[in-house]
Amino acid sequence: MPPTPRVRFAPSPTGYLHVGGARTALFNWLFARHFGGTLILRIEDTDFERSSSAMVDGILEGMRWLGILWDEGPFFQSQRLGLYRATADRLLAAGAAYPCFCTREELEARRAEAAAAGRPPMYDRRCRALSPEAAAARRAAGEPAAVRFAVPLDGATSFDDAVFGAVSFLNAELEDFVLLRSDGIPTYHLSVVADDVEMRLTNIIRGADHISNTPKQVLQYRALGAPLPVFAHLPLILGPDKTRLSKRHGATSVIAYKELGIVPEAFRNFLALLGWAPGAAGPGREILPANELVQLFSLGGITKSNAVFDNDKLAWFNTEYIRAYTPEQLLPLVESEWAAAGFVPDPGILRDREKLLGTIALLQTRARSLRDFAGVFRAYFSDEFPYDEAAAAKFLKEPTTAALLLALAERLRASPEFTEASTEATLRLFAEEQGVKAGVLINGARVALTGQGVAPSLFAVMVALGRARTVARLQAAPAIPLPARG
RNA sequence: GGCGCCAUGGUGUAAUUGGUUAACACGUCGCCCUCUCAAGGCGAAGAGUUCGGGUUCGAUCCCCGAUGGCGCUACCA
């Protein structure tokens, strides 16, 4: 292993950063950090039709959100066309490539013909047979030509993959693939190799969907006389139905998970454990912050089989990380969630920072998502909040309950103290006097105070809201709408 | 179709690399706690390692075959 590995993440900006790409980026980052190496970001935008700068921005945003910072780049392949043409020329000069004058239409026709005849639809290599003179003459005459790689006719090309082991392909199965299109734009096959060589990459960590492409690249390394990097192919991430993860499985872009209220550390931790096992962490240890992931990471721990993306497990990581934050750390995330949701908290609540942090602390242990703070937790931050119909129907359906809460409000208003202990004592005493179960008042009060049937301990809620709000909301209990009984 | 890769509970992964009652985490279910819900504590169910052959005293692990899934099969990446 070279002292300082150089790796890259090379997304194609034809879409947002998706889950699989993020995992590839993450593994490259973990690998680079583990060995003190360099992570290069390279944008593979040679498909001008499908690439866009908006997608580039989206990819960078997703990486930054996950905390995957690169050391060099971003480099854009669209700005390195000279390198690819020069590389193609070298291959041509070495006799490892040849110009091909077949047009797209001819190629398609022949492919259809071959398919109809039940033959493999491979390029028939007819231009490979052209004499150099004839080819040169046609080029000189201005006839457009693509450049194809001359794959050896027999033998096999193999490589030793860091996760899959020895992989071998018969050369006869490989087609004379196009390196440079007739318009001078390189195909993926050429640009990856040219860049990976030029950038002196030592390890290529990428999705397993590239395994079949690898022999075509190995052949080019050999023809170029370039040292072969170590390939490590990552198993793919599948949806719950075990088909490749795609839009129809729901959120597929990394930013969509941010919008779902997932916290970046949770998503990163979850992703790291998809297809990789931190052997040295010991059993039962799955909550691993970035520095530990970096320390534990090794290509040897990568699995060969595809992994199914499990939303339940992600949700678990999310709750764990939300709980683990200090309220000070969590507050900014909550604030951006509020902004994203268009929710405006009560200025008075925001002003008392200490109390605000206390409220966050009270709620964070039971949040599933950042979204809860602008959703079911609204009543803690604003006087404008909805009442959950099911909760109201369940706990306030007895007409006497609201009246009791009204009376309780008066007791709480008049009590000398307003602490968890005092409010609880007041409520229980009142319940006893009225001959009702404390639970009736507690459950009813919970709905009146929070709009929800579920909340932290009622008395902690009262203290968090403060006496004035608690009294006012209890007084409003008779006005809480009950769903019409159908 | 051809080629390549993969295959351990519902999911993610372990199994000193041929010798364990096949482990851990998520999820599920039950109990405890309790003002609700989470959390927490305790416990349970759930795979005999896709199937069939082999090798071996002994296979999750090695070999062969089948099946299934995924990937590649473009002048996309």
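Since the structure is predicted, the reported quantities are computational estimates derived from the model, not experimental observations.
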**Message:** A/H189 vs A/F177, test: ring-ring contact (aromatic ring centres under 6.0 Å, His included). Steps then yes/no.
**Reply:** CA-CA 8 Å; A/H189 299 298; A/F177 52 96; 5.2 Å; yes

**Message:** Students often get this wrong, so: under 4.0 angstrom with heavy atoms, is A/E44 touching a base, only sugar-phosphate, or nothing?
**Reply:** sugar-phosphate

**Message:** So, applying ring-ring contact (aromatic ring centres under 6.0 Å, His included) with A/Y257, which one of A/F309, A/F317, A/F270 is it?
**Reply:** A/F309

**Fill in**
Comparing A/N213 with A/P120, nearest RNA chain B nucleotide closer to 5' gives the residue A/P120

**Asked** Across the strands shown, which category fits A/S305 at heavy-atom distances under 4.0 angstrom: base, sugar-phosphate, nothing?
**Response** sugar-phosphate

**Complete:** Residues in residues 157-166 of chain A with a heavy atom under 4.0 Å of RNA chain B, by number, are A/F164

**Prompt:** Is there a side-chain contact between A/L236 and A/D209 (heavy atoms, below 4.5 Å)?
**Reply:** yes

**Asked** Below 4.0 angstrom from OP1 or OP2 of B/C75, is there any side-chain N or O of A/R111?
**Response** yes

**Asked** NA contact type, A/E49, heavy-atom cut-off 4.0 Å: base, sugar-phosphate, or nothing?
**Response** nothing

**Request:** Remember a base hit wins even if backbone is also touched, and classify A/G439 as base, sugar-phosphate or nothing at under 4.0 Å, heavy atoms.
**Result:** nothing

**Request:** Look at all strands and tell whether A/G207 reaches a base, only sugar-phosphate, or nothing, counting heavy atoms closer than 4.0 Å.
**Result:** nothing

**Prompt:** Quick one: is the NZ or CZ of A/R23 closer than 6.0 Å to the six-membered ring centre of A/F27, and within 45° of its axis?
**Reply:** yes

**Prompt:** When you measure from the centre of the six-membered ring of A/F430, is the NZ or CZ of A/R411 under 6.0 Å away and within 45° of the axis?
**Reply:** no

**Message:** So, OP1 or OP2 of B/U11: does either fall under 4.0 Å of a side-chain N or O from A/K242?
**Reply:** yes

**Message:** Counting the atoms with a prime plus P, OP1 and OP2 as sugar-phosphate, which does A/S12 contact under 4.0 Å by heavy atoms, base, sugar-phosphate, or nothing?
**Reply:** sugar-phosphate

**Partner nucleotide of B/C5 by Watson-Crick or wobble geometry (both distances under 3.5 Å)** = B/G69

**Request:** Under 4.0 Å between any heavy atoms, over every strand shown, what does A/P144 touch: base, sugar-phosphate, or nothing? Just pick one.
**Result:** nothing

**Message:** Over all strands shown, is A/T46 touching base, sugar-phosphate only, or nothing at heavy-atom distances under 4.0 angstrom?
**Reply:** sugar-phosphate

**Message:** Classify A/S168 by what it touches in the nucleic acid, base, sugar-phosphate, or nothing, heavy-atom distance under 4.0 Å.
**Reply:** sugar-phosphate

**Message:** Can you check the distance between B/U56 and B/C64, where both ends of the measurement are the C1' atom (answer in whole Å)?
**Reply:** 16 Å

**Asked** Salt bridge check: are A/D196 and A/R206 linked by an N-O gap of less than 4.0 Å?
**Response** no

**Asked** Of all the choices, B/C26, B/C35, B/C76, which nucleotide is nearest to the side chain of A/D312 once you look at every atom?
**Response** B/C26

**Prompt:** Rounding to the closest angstrom, what is the interatomic distance between B/C37 and B/A59 at atom C1'?
**Reply:** 48 Å

**Fill in**
Walking RNA chain B from its 5' end, the first of A/R104 and A/T303 to be reached, judged by nearest nucleotide, is A/T303

**Request:** Quick one: sort the A/Y123 and A/Y98 rings into parallel, tilted or perpendicular, breaks at 30° and 60°.
**Result:** parallel

**Message:** Within the 4.0 Å heavy-atom criterion, would you say A/G239 contacts the bases, only the backbone, or no part of the nucleic acid?
**Reply:** nothing

**Prompt:** What about A/R446: does its side chain form a donor-acceptor pair under 3.5 Å with the base of B/C35?
**Reply:** yes

**Prompt:** What do you reckon, is CZ of A/R90 surrounded by more than 12 foreign heavy atoms closer than 6.0 Å?
**Reply:** no

**Message:** By the 4.0 Å heavy-atom rule, please label A/R148 as base, sugar-phosphate, or nothing.
**Reply:** sugar-phosphate

